[in-house]
Amino acid sequence: MTLLSKPGCPHCDEARAVLERIGEPFDERDVTTDAALYDEYGDRIPVVLLDGREHSYWDVDEARLRRDLVR
């Protein structure tokens with residue numbers, strides 16, 4: 001699981017808190033340091049990628065993410 005974020009983003013802080021609460025390992029990538037990521041996801045940050053695919057953006061639905069992690 002990967003969290004795409006950027007500095008100073010309160011929604012990113014909220015998404016990070018959800019991922020930490022779930023307790024599954026995740027990587028966090030700052031889209032401002034990667035032009036390709038920024039071009040693709042910059043207007044939807046934060047984005048959660050699950051198995052490399054976009055799972056959610058802006059708000060993370062914790063129940064849905066937990067359900068999809070079990071699958």
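Numbers here simply count residues along the sequence, with the first being 1. Below, each value reflects all heavy atoms present in this structure, side chains not excepted, and no hydrogens, waters or symmetry copies.
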Co-membership, hydrophobic cluster, residues W58 and L19, 4.5 Å side-chain: no
With sequence neighbours left out, what residues match S5 under side-chain hydrogen bond (donor to acceptor under 3.5 Å, both in side chains)? E28
Heavy atoms, side chains only, cut-off 4.5 Å: are P7 and T32 in contact? yes
Please determine whether the number of non-hydrogen atoms from other residues, nucleotides or ligands lying under 6.0 Å from atom CZ of R53 exceeds 12. no
As an exercise, state the distance from CG of D61 to NE2 of H55, rounded to the nearest 0.5 Å. 7.5 Å
Measure the spacing between CD of E24 and CG of L65 and express it to the nearest 0.5 Å. 9.0 Å
Rounded to the nearest 0.5 Å, how far apart are OG1 of T33 and OH of Y38? 12.0 Å
Set of side-chain contact (heavy atoms from CB on, under 4.5 Å) partners for Y57, sequence neighbours left out: R44, V47, E54
State plainly whether the residues R16 and E20 are in salt-bridge range, i.e. N to O under 4.0 Å. no
For the residue pair L4 and Y41, what are the closest heavy atoms and their distance? CD1-CD1, 3.4 Å
First locate atom CG of L50, then atom CZ of F26, and finally report the distance between them rounded to the nearest 0.5 Å. 13.5 Å
Which residue pairs pass the salt bridge (charged side-chain N to carboxylate O under 4.0 Å, His left out) test with at least one member in residues 30-39, sequence neighbours excluded? R29-D34
Does the side chain of E14 come within less than 4.5 Å of V60's, by heavy atoms? no
Hydrophobic clustering (ILVMFWY, side-chain heavy atoms < 4.5 Å, transitive) - are L3 and V18 grouped together? yes
Restricting to non-hydrogen atoms, name the atom on R21 and the atom on R66 that form the minimum distance, rounded to 0.1 Å. O-NH2, 3.5 Å
For residues P25 and M1, determine if any side-chain heavy atom of one lies less than 4.5 Å from a side-chain heavy atom of the other. no
